[in-house]
Novice: 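Once you've had a glance at the structure underneath, I'll fire off some questions.
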Amino acid sequence: MTDTPDAPDTAAPDVRPGEKLAAMRAAAPLVQNITNYVAMNVMANALLAAGASPAMVHAREESADFAAIASALTINIGTLSPEWVASMEAAAASATAHGKPWVLDPVAVFATAYRAEVGAQLAGLNPSLIRGNASEILALSGAAAGGKGADAGDAVATAEAGARALSARTGGIVAVTGPVDYVTDGTRGYRIANGHPLMPKVTALGCSLTGICGAFLAAGETPLEDIAAALAFYGLAGERAAQGAGGPGSFAVAFIDELAAVTPEDLAAGARITPA
Ligand SMILES: Nc1ncnc2c1ncn2[C@@H]1O[C@H](COP(=O)(O)OP(=O)(O)O)[C@@H](O)[C@H]1O
Ligand SMILES: Cc1ncsc1CCOP(=O)(O)O
Ligand SMILES: [Mg+2]
């Protein structure tokens with residue numbers, strides 16, 4: 001036994017989620033987000049509450065320069081336009097050139113030809129992580145998807161093989177979120193059983209999770225385990241926020257509070273991560 005936040009008798013002892021949360025908070029990483037209009041405020045508050053430092057920076061004139069000074073970059077295609085796509089590509093190239101992790105959130109990539117084209121283009125720029133719901137990961141992997149706009153219509157289990165294939169193709173980690181999350185590096189993987197059904201009832205909580213994943217990658221050294229820890233942390237905050245919430249509105253407020261309140265010790269005790 002040790003007196004560190006992570007007891008060695010968890011189902012996935014290599015992840016050590018409590019230590020990873022502590023490392024993220026100690027680093028308080030600057031995370032640049034090129035995100036959608038819906039998510040901007042929620043995502044920034046989620047990152048601040050969790051202990052990171054968010055900056056929403058999307059102008060073509062500065063996105064690459066900012067990526068060079070940020071500790072991580074996230075790119076979200078939720079409210080696309082051609083000017084933003086140019087900015088996204090420049091920022092992704094800059095992050096890669098400067099050795100900074102970057103995360104792609106392919107919101108509703110299955111919905112239109114434009115989204116499919118931009119999603120594939122960005123996925124081809126070697127994202128460190130792609131984080132999406134099951135329908136988004138299915139579509140990006142080349143399979144048929146049954147989502148409805150930003151909402152998933154497929155089970156996480158149906159997207160696991162596609163996630164592994166996508167990971168092999170991009171060289172990065174792929175995370176599929178839903179009732180039980182799945183994350184893979186193409187070979188190894190974890191399932192994370194934390195979370196609450198109220199989470200998909202509040203807009204932009206998936207987008208905000210993408211930002212949290214960027215923060216954990218910035219502070220971490222083992223990307224697959226960093227993301228397993230980030231997913232468990234986020235889901236545990238959701239479970240705790242749901243206790244006493246009257247519905248999606250009060251849940252949303254309590255969720256931000258819980259992102260700040262969950263301690264490394266809480267996460268070590270409450271993470272439900274198993275190798276997959
Ligand atoms: N039915 C559910 N039960 C528990 N947690 C869920 C459920 N659906 C989504 N989540 C959680 O909500 C968060 C956002 O995931 P998701 O809803 O899949 O993203 P998106 O909003 O991009 O579709 C994740 O932490 C995920 O684990
Ligand atoms: C509703 C909506 N429409 C375009 S982007 C967006 C937000 C999607 O957020 P999330 O994927 O986190 O549910
Ligand atoms: Mg989403």
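In listed order, ligands and their atoms are each counted from 1. Keep in mind that this is a model prediction, so the values were computed, not measured.
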Novice: So Asn33 and Asn76, do their side chains get closer than 4.5 Å, heavy atoms only?
Specialist: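 When only atoms from C-beta onward are counted, Asn33 and Asn76 do not touch, as no gap falls below 4.5 Å.
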Novice: Mark the output for Pro197 as yes if a heavy-atom distance to ligand 1 is under 4.0 Å, and as no if none is.
Specialist: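 So Pro197 counts as touching ligand 1.
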Novice: Taking the six-membered ring for Trp, are Phe216 and Tyr234 ring centroids under 6.0 Å apart?
Specialist: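 No, ring centres 6.0 Å or more apart.
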Novice: Examine Trp84 together with Tyr114 and report whether their ring centres are nearer than 6.0 Å.
Specialist: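 For Trp84 and Tyr114, the ring centres are not under 6.0 Å apart.
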Novice: Would you check the N or O atoms of Val202, main chain and side chain alike, for any that come under 3.5 Å of an N or O of ligand 2?
Specialist: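 No; every N/O pair is 3.5 Å or more apart.
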Novice: Does the side chain of Leu205 reach to within under 4.5 Å of the side chain of Val202, using non-hydrogen atoms?
Specialist: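 Side chain of Leu205 against side chain of Val202, heavy atoms only: contact under 4.5 Å found.
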Novice: Among protein heavy atoms, which sits nearest to atom 9 (C) of ligand 1, and what does the distance come to when rounded to 0.1 Å?
Specialist: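 Nearest protein contact, heavy atoms only, for atom 9 (C) of ligand 1 is Pro200 CD, 3.7 Å.
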Novice: If we only count heavy atoms from C-beta on, is the Leu267 to Leu236 side-chain gap below 4.5 Å?
Specialist: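 Yes, at least one pair of side-chain atoms sits under 4.5 Å.
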Novice: Does the residue Ala204 have a heavy-atom contact with ligand 1, meaning some pair of atoms that are separated by less than 4.0 Å?
Specialist: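 No, Ala204 has no heavy atoms under 4.0 Å from ligand 1.
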Novice: For Asp154 and Ser135, does a side-chain donor sit closer than 3.5 Å to a side-chain acceptor?
Specialist: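 Short answer, yes.
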Novice: Looking at atom 15 (O) of ligand 1, what's its closest protein heavy atom, distance included?
Specialist: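 Result: Thr177 OG1, 3.3 Å.
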Novice: For atom 7 (C) of ligand 2, which candidate among Thr203, Val42, Asp151 holds the nearest heavy atom?
Specialist: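 Considering heavy atoms of Thr203, Val42, Asp151, the nearest to atom 7 (C) of ligand 2 sits in Thr203.
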Novice: For the 3.5 Å polar cut-off, considering only N or O atoms, please tell me whether Cys207 and ligand 2 meet it.
Specialist: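 Min N/O separation from ligand 2 is below 3.5 Å for Cys207.
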Novice: Are the charged groups of Glu136 and Arg131 less than 4.0 angstrom apart, N to O?
Specialist: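 Here Glu136 does not pair with Arg131 in a salt bridge, since their nearest N and O are not under 4.0 Å apart.
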Novice: Side chains of Thr222 and Lys20: donor-acceptor distance under 3.5 Å anywhere?
Specialist: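 Yes - a donor-acceptor pair under 3.5 Å links their side chains.
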Novice: Among Asp181, Asp105, Val180, which one has a heavy atom closest to atom 27 (O) of ligand 1?
Specialist: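 That would be Asp181.
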Novice: Among all protein heavy atoms, pick the one closest to atom 19 (O) of ligand 1 and tell me residue, atom and distance.
Specialist: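 The answer is Arg131 NH1, 3.2 Å.
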Novice: Going by an N to O cut-off under 4.0 Å, is there a salt bridge joining Arg272 and Glu239?
Specialist: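 Result for this pair is yes, salt bridge flagged.
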Novice: Nearest to atom 1 (N) of ligand 1, what protein heavy atom do you find, and at what distance?
Specialist: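 Ranked first by proximity to atom 1 (N) of ligand 1 is Pro179 CG, 3.6 Å.
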Novice: Within the 4.0 Å heavy-atom shell around Gly206, which atoms of ligand 2 are there?
Specialist: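 By the 4.0 Å cutoff, the relevant atoms are 12 (O).
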Novice: Among all protein heavy atoms, pick the one closest to atom 10 (N) of ligand 1 and tell me residue, atom and distance.
Specialist: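 Minimum-distance protein heavy atom for atom 10 (N) of ligand 1 reads Gly178 O, 3.5 Å.
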Novice: Using a 4.0 Å heavy-atom cut-off, which part of Asp105 comes near ligand 2: side chain, backbone, both, or neither?
Specialist: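 The answer is neither.
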Novice: Tell me, which protein residue and heavy-atom name are nearest atom 5 (N) of ligand 1, and how many Å apart are they?
Specialist: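 Checked against all protein heavy atoms, atom 5 (N) of ligand 1 sits closest to His196 N, 3.1 Å.
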Novice: Leu231 and side-chain contact (heavy atoms from CB on, under 4.5 Å): which single residue from Asn194, Ile273, Ile192 fits?
Specialist: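 Filter result, single survivor: Ile192.
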Novice: Do Asp105 and Thr210 pair up side chain to side chain, a donor and an acceptor below 3.5 Å, judged on atom types alone?
Specialist: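 Present: a donor and an acceptor within the cut-off.
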Novice: For atom 14 (C) of ligand 1, which candidate among Ser208, Gly206, Ala175 provides the closest heavy atom?
Specialist: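 Among Ser208, Gly206, Ala175, the closest heavy atom to atom 14 (C) of ligand 1 belongs to Gly206.
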Novice: What is the closest protein heavy atom to atom 24 (C) of ligand 1, and at what distance does it sit?
Specialist: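 Of every protein heavy atom, Leu209 CD2, 3.7 Å lies nearest to atom 24 (C) of ligand 1.
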Novice: Is Glu225 salt-bridged to Arg188, cutoff N-O under 4.0 Å?
Specialist: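 Salt bridge between Glu225 and Arg188, a charged N being under 4.0 Å from a carboxylate O: yes.
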Novice: Heavy-atom contacts with Ala150 under 4.0 Å: which atoms of ligand 2 show up? List them by number with element.
Specialist: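 Heavy-atom distances to Ala150 below 4.0 Å select 8 (C).
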Novice: Closest non-hydrogen protein atom to atom 4 (C) of ligand 2, residue and atom name please, with distance?
Specialist: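 I find the closest protein heavy atom is Gly78 O, 3.5 Å.
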Novice: How far is atom 13 (O) of ligand 2 from the closest protein heavy atom, and which atom is that?
Specialist: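 The closest one turns out to be Ala204 N, 3.6 Å.
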Novice: Could you find the nearest protein heavy atom to atom 23 (O) of ligand 1 and give me its residue, atom name and distance?
Specialist: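 Going by distance alone, atom 23 (O) of ligand 1 is nearest to Asn133 ND2, 2.9 Å.
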Novice: Report the part of Ile192 in contact with ligand 1, treating N, CA, C, O as backbone and CB onward as side chain, heavy atoms under 4.0 Å; options are side chain, backbone, both, neither.
Specialist: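 No part of Ile192 comes within reach of ligand 1.
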Novice: How does Ala150 reach ligand 1, by side chain, by backbone, by both or by neither, if only non-hydrogen atoms under 4.0 Å count?
Specialist: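 Ala150 to ligand 1: backbone contact only, side chain stays beyond 4.0 Å.
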Novice: Starting from atom 2 (C) of ligand 2, what is the nearest protein heavy atom, named by residue and atom, and what distance separates them?
Specialist: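 Answer, as residue, atom name and distance: Val38 CG2, 3.9 Å.
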Novice: In terms of side-chain geometry, is the basic nitrogen of Arg240 or Asp266 positioned less than 4.0 Å from the acidic oxygen of its partner?
Specialist: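 Counted as a salt bridge, because a side-chain N and a carboxylate O are separated by less than 4.0 Å.
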